[in-house]
Amino acid sequence: MAERPIARVPRLVLALLALGLAAQIGLKAGSPPPRANSQNLPPAPSIAALRLASFGDPIALAKTLMLYLQAFDYQSGSAVPYRDLDYGRLEAWLARILELDPRGQYPLLAASRLYAEVPVEEKQRRMLEFVYRHFFVDPNRRWPWLAHAAAIAKHRLKDLPLARRYAAAIQRHASADNVPLWARQMEIFILEDMNELQTARIMIGGYIQSGKVKDPAELRFLEERLKQLEARIAKEKPGKSE
């Protein structure tokens, strides 16, 4: 069917179209901007329901759900800050996604680097504990996110005992050869910050004596660190608690 040239459209019709368009633009400009409701994040479905909905491909569904979750801060064109999300529901969604794809890293990355960065301490701690709990499922692959959690606990929350708890978990449970020495040594550095010098000295000595450190540069670093600790301890006044 041939298109009708616009010149043959009656002027009255064109005028009505123009009037309608102008009215629509005016209404849009005069209406308040859309406001997203952070409480609209629905409860996470059960893992049984999600497995049924995956049609045998849980990894693909996990990736899709992660995209949906991360994009949830945009509703109707308006941004919802992460801090306004319901973190109970958020945590449940992240846990379900990990259950669908246990080898997936993105839920823990998002928890430690996105949702734990909000300026609300209660929500920060909730995300850090989420990372800590799920670290034990696969320590040799999930240690980077717990290391970041330890850094947040130390530098943002100023909670050295909490940072030490996370660092100690890495030191004790992340045993693969590809886990870097700095990650396994985080507890030592935090102990120094806590002025637990004797404990830090014992741990470094244990590393050196264990024979597990094969790299000569790493071994020299530990030996130098041990000397520095021993010098600090020697400067302590007799009877002063450490």
Side-chain angles (χ1 to χ4, degrees), residues 38 41-44 47 50 58-74 79-194:
S38 62
L41 181 63
I47 187 62
L50 289 174
I59 294 177
L61 179 59
K63 294 181 185 299
T64 301
L65 292 177
M66 196 65 227
L67 290 174
Y68 159 78
L69 187 62
Q70 190 176 345
F72 198 81
D73 59 326
Y74 287 93
V80 178
Y82 291 135
R83 68 174 179 270
D84 291 341
L85 291 173
D86 182 323
Y87 266 47
R89 293 184 175 184
L90 173 63
E91 183 179 328
W93 275 100
L94 292 171
R96 293 291 187 274
I97 294 169
L98 279 175
E99 286 183 84
L100 287 172
D101 182 13
R103 293 183 62 82
Q105 299 293 312
Y106 203 75
L108 294 173
L109 182 153
S112 62
R113 291 189 169 271
L114 292 178
Y115 302 121
E117 297 284 354
V118 299
V120 181
E121 182 174 333
E122 178 185 356
K123 293 185 174 182
Q124 285 181 310
R125 290 181 180 274
R126 182 162 196 158
M127 284 294 101
L128 298 186
E129 284 297 296
F130 172 82
V131 172
Y132 175 72
R133 291 196 307 273
H134 288 274
F135 159 80
F136 294 99
V137 176
D138 192 355
N140 289 326
R141 299 183 70 251
R142 296 180 175 181
W143 67 264
W145 321 122
L146 190 58
H148 190 71
I152 292 176
K154 176 181 176 180
H155 297 292
R156 298 284 184 86
L157 300 179
K158 309 299 182 184
D159 190 337
L160 290 177
L162 182 65
R164 182 190 175 184
R165 181 159 69 96
Y166 296 159
I170 296 173
Q171 191 271 326
R172 294 167 189 167
H173 298 280
S175 57
D177 292 338
N178 62 345
V179 179
L181 186 63
W182 67 263
R184 295 196 294 267
Q185 288 180 346
M186 286 184 72
E187 185 182 8
I188 295 173
F189 303 143
I190 295 170
L191 284 168
E192 291 184 47
D193 293 334
M194 297 173 71

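Quick note: numbers below take in every heavy atom, side chains included, and nothing from hydrogens, waters or symmetry partners.
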**Study point:** Closest heavy-atom pair and its distance - Ala111, Val131
**Key:** CB-CG2, 3.8 Å

**Study point:** Min side-chain heavy-atom separation Ser175-Trp143 under 4.5 Å
**Key:** no

Check your understanding: Hey, is the main chain of Ala176 close enough, under 3.5 Å, to the side chain of Asn140 for a donor-acceptor pair?
Key -> yes

Check your understanding: Do the ring centers of Trp182 and Phe189 come within less than 6.0 Å of each other?
Key -> no

Exercise for review: Please name the pair of heavy atoms, one in Leu85 and one in Lys123, separated by the smallest distance, quoted to 0.1 Å.
Suggested key: O-NZ, 3.0 Å

Point to revise | Ring geometry between Phe136 and Tyr132 (parallel below 30°, tilted from 30 to 60°, perpendicular above 60°) | key: perpendicular

Exercise for review: Could you check if a side-chain atom of Val137 sits within less than 4.5 angstrom of a side-chain atom of Leu98, using non-hydrogen atoms only?
Suggested key: no

Review point. Got a second to check how far Trp93's CH2 is from Leu50's CG, nearest 0.5 Å?
Key: 6.5 Å

**Study point:** Shortest non-hydrogen contact between Arg89 and Pro42, atoms and distance
**Key:** NH1-CA, 3.9 Å

Review point. Given side chains that start at C-beta, do those of His134 and Trp145 come closer than 4.5 Å, heavy atoms only?
Key: no

**Study point:** Beyond-backbone contact of Leu67 with Lys63, side-chain heavy atoms, under 4.5 angstrom
**Key:** no

Practice item. Any chance you could measure Ile97, atom CD1, to Thr64, atom OG1, to the nearest 0.5 Å? Key: 10.0 Å

**Study point:** Side-chain heavy atoms of Glu99 within contact of Pro58, under 4.5 Å
**Key:** no

Check your understanding: CZ of Arg113: more than 12 outside heavy atoms within 6.0 angstrom?
Key -> no

Review point. Considering only heavy atoms from C-beta outward, does the side chain of Leu65 approach that of Leu69 to under 4.5 Å?
Key: no

Revision key, fill the gap. Here the gap from Ile190 atom CD1 to Arg164 atom CZ, rounded to the nearest 0.5 Å, amounts to 9.0 Å

Check your understanding: Is any side-chain N of the basic residue among Arg156 and Glu117 closer than 4.0 Å to the acidic one's carboxylate O?
Key -> yes

Review point. Any side-chain heavy atom of Arg126 sitting closer than 4.5 Å to one from Leu90?
Key: no

Revision key, fill the gap. Rounding to 0.5 Å, atoms OH (Tyr115) and CG (Leu109) come to a distance of 10.5 Å

Practice item. With rounding to the nearest 0.5 Å, note down the distance linking CG in Leu94 to CE in Met127. Key: 5.5 Å

Review point. Hey, does the side chain of Arg96 reach the backbone of Ala44 with a donor-acceptor pair shorter than 3.5 angstrom?
Key: no

Revision key, fill the gap. Nearest heavy-atom approach of Asp86 to Leu41 is O-CD2, 4.2 Å

Exercise for review: Answer yes or no: is there an ion pair linking Arg165 with Glu129, defined by an N-O contact shorter than 4.0 Å?
Suggested key: yes

Check your understanding: Looking only at heavy atoms, which two atoms of Ala110 and Met66 are closest? And how far apart?
Key -> CB-CE, 3.7 Å

Review point. Rounded to the nearest 0.5 Å, what separation is found between the CG atom of Leu160 and the NZ atom of Lys154?
Key: 7.0 Å

Review point. Just wondering, more than 12 heavy atoms not from Asn178 lying within 6.0 Å of its CG?
Key: yes

Review point. Between Ala150 and Ala163, which heavy-atom pair has the shortest distance, and what is it?
Key: O-CB, 3.5 Å

